Structure formats: C-alpha cells, structure tokens
Amino acid sequence: MIDRLEKEVDMLERHLQVLRMVIENEPIGIVKMSNETGYPHHKVRYSLRVLEEENLIEPSSQGAITTERTAEFVDELDGKIDEIVEKIGGMRIEDAPELEN
C-alpha cells in the first residue's frame with residue numbers, strides 16, 4: 001500500500017526535476033537532461049510527455065520550453081505540497097493505543 005505511494009512520489013520528483021531543468025535551461029533536449037540527471041532517456045521522455053499533457057512545457061525545434069501556464073503552476077506548487085504533507089502527517093497512527101501481539 002505504501003510502496004505504491006512511494007513510487008508515485010519518486011515519479012513526481014522526477015517530473016519536477018525535469019520541469020526545473022526546462023525552466024532553468026530552456027530550450028533543452030532529452031539527451032542533455034538525461035546526461036545531467038542520470039535518468040535514462042525513456043524516463044526523461046515520459047516526464048516530458050506528462051509535463052506537456054499538463055500544458056507546463058511544449059516542444060520546440062531546439063528542445064522543451066515553458067508555457068504560459070508554467071509560472072502559475074510553480075507559484076501554486078509549494079502550497080499544494082504543504083497541504084499534502086499536512087494531510088499525510090494527519091494519517092499517522094503512532095498515537096493510537098498499543099496493539100497487542
């Protein structure tokens with residue numbers, strides 16, 4: 001159950017790292033991103049596709065570039081992450097009565 005969440009968080013981290021690279025280095029291609037991050041080309045390509053589907057980046061002849069939506073997404077990101085962290089923190093069961101084994 002938790003393994004699936006952990007994999008999703010890892011994938012989100014990769015997507016955000018790829019987005020950060022596009023923001024800082026646009027235009028940027030798959031090969032450069034793969035070399036700098038150590039992620040295989042197919043994983044970078046997948047992250048780029050997800051980001052493009054969310055209208056956060058778009059392809060150009062020189063590589064990926066940001067869109068009009070990117071700045072708004074980045075501005076809202078920290079708040080959304082804080083909300084999720086708080087929600088997950090509320091799921092702790094460490095204060096529950098001890099379980100008998």
Side-chain angles (χ1 to χ4, degrees):
M1 181 168 56
I2 295 296
D3 292 343
R4 193 169 42 194
L5 175 61
E6 191 172 13
K7 287 178 184 175
E8 287 291 325
V9 170
D10 289 344
M11 189 169 22
L12 176 61
E13 180 181 31
R14 186 180 76 232
H15 295 337
L16 293 176
Q17 185 175 7
V18 168
L19 179 60
R20 181 179 288 117
M21 289 188 76
V22 173
I23 291 169
E24 293 173 355
N25 304 290
E26 65 180 314
I28 185 169
I30 292 171
V31 173
K32 184 172 182 181
M33 280 191 258
S34 179
N35 290 341
E36 290 189 18
T37 62
Y39 293 127
H41 292 218
H42 70 277
K43 289 195 174 195
V44 172
R45 189 175 294 113
Y46 177 72
S47 291
L48 289 169
R49 184 169 51 240
V50 169
L51 295 168
E52 186 177 354
E53 287 172 1
E54 294 291 323
N55 295 317
L56 297 174
I57 64 164
E58 59 186 24
S60 77
S61 58
Q62 292 86 26
I65 59 174
T66 57
T67 66
E68 293 177 8
R69 172 145 164 54
T70 308
E72 177 187 349
F73 174 81
V74 170
D75 288 345
E76 297 172 355
L77 181 63
D78 287 347
K80 289 185 180 198
I81 290 174
D82 289 343
E83 289 174 18
I84 293 167
V85 167
E86 187 176 328
K87 187 176 210 175
I88 290 174
M91 294 179 189
R92 294 180 183 270
I93 57 173
E94 61 193 20
D95 295 332
E98 281 194 38
L99 298 174
E100 293 182 22
N101 293 332

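Atom set for the values below is all heavy atoms of this structure, side chains included, hydrogens, waters and symmetry mates excluded. Quick caveat, the model's predicted, so the values are computed rather than measured.
- The closest donor-acceptor contact from the side chain of S34 to the backbone of Y39 lies under 3.5 Å.
- The CZ atom of R20 lies 7.0 Å from the CG atom of L16; values are rounded to the nearest 0.5 Å.
- The number of heavy-atom neighbours closer than 6.0 Å to CD of E68, taken from other residues, nucleotides and ligands shown, is 12 or below.
- Partners of Y46 by ring-ring contact (aromatic ring centres under 6.0 Å, His included), not counting sequence neighbours, listed by chain and number: H15.
- Cluster annotation: V44 is not connected to V31 through the hydrophobic network of ILVMFWY side chains, with a link wherever side-chain heavy atoms come within less than 4.5 Å.
- L48 is listed as a side-chain neighbour of M33, based on a closest heavy-atom distance under 4.5 Å.
- Both L77 and L12 sit in one connected hydrophobic cluster of ILVMFWY residues. Membership requires side-chain heavy atoms under 4.5 Å apart, directly or through other members.
- Within a 6.0 Å radius of CD in E24, more than 12 heavy atoms belonging to other residues, nucleotides or ligands are found.
- If you take CD on E36 and CE on M21, they are separated by 4.0 Å, rounding to the nearest 0.5 Å.
- Looking only at side-chain heavy atoms (C-beta outward), L51 and V18 come within less than 4.5 Å of each other.
- With rounding to the nearest 0.5 angstrom, the CD atom of E54 is 10.5 Å from the OG1 atom of T67.
- Across every non-hydrogen atom of P27 and I65, the tightest pair is CB-CG2, 3.7 Å.
- Smallest separation of non-hydrogen atoms from N55 and R69: O-CB, 3.4 Å.
- V74 and V85 end up in the same hydrophobic cluster when Ile, Leu, Val, Met, Phe, Trp and Tyr side chains are linked at under 4.5 Å.
- If you take NZ on K80 and CG on D78, they are separated by 12.0 Å, rounding to the nearest 0.5 Å.
- Note that CG of L19 and CD of E26 are 10.0 Å apart. Values are rounded to the nearest 0.5 Å.
- The distance from atom OG1 of T70 to atom CD1 of I23, rounded to the nearest 0.5 Å, is 6.0 Å.
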Stepwise side-chain contact (heavy atoms from CB on, under 4.5 Å) check, R4 with K7: CA-CA 5 Å; R4 193 169 42 194; K7 287 178 184 175; 5.8 Å; no
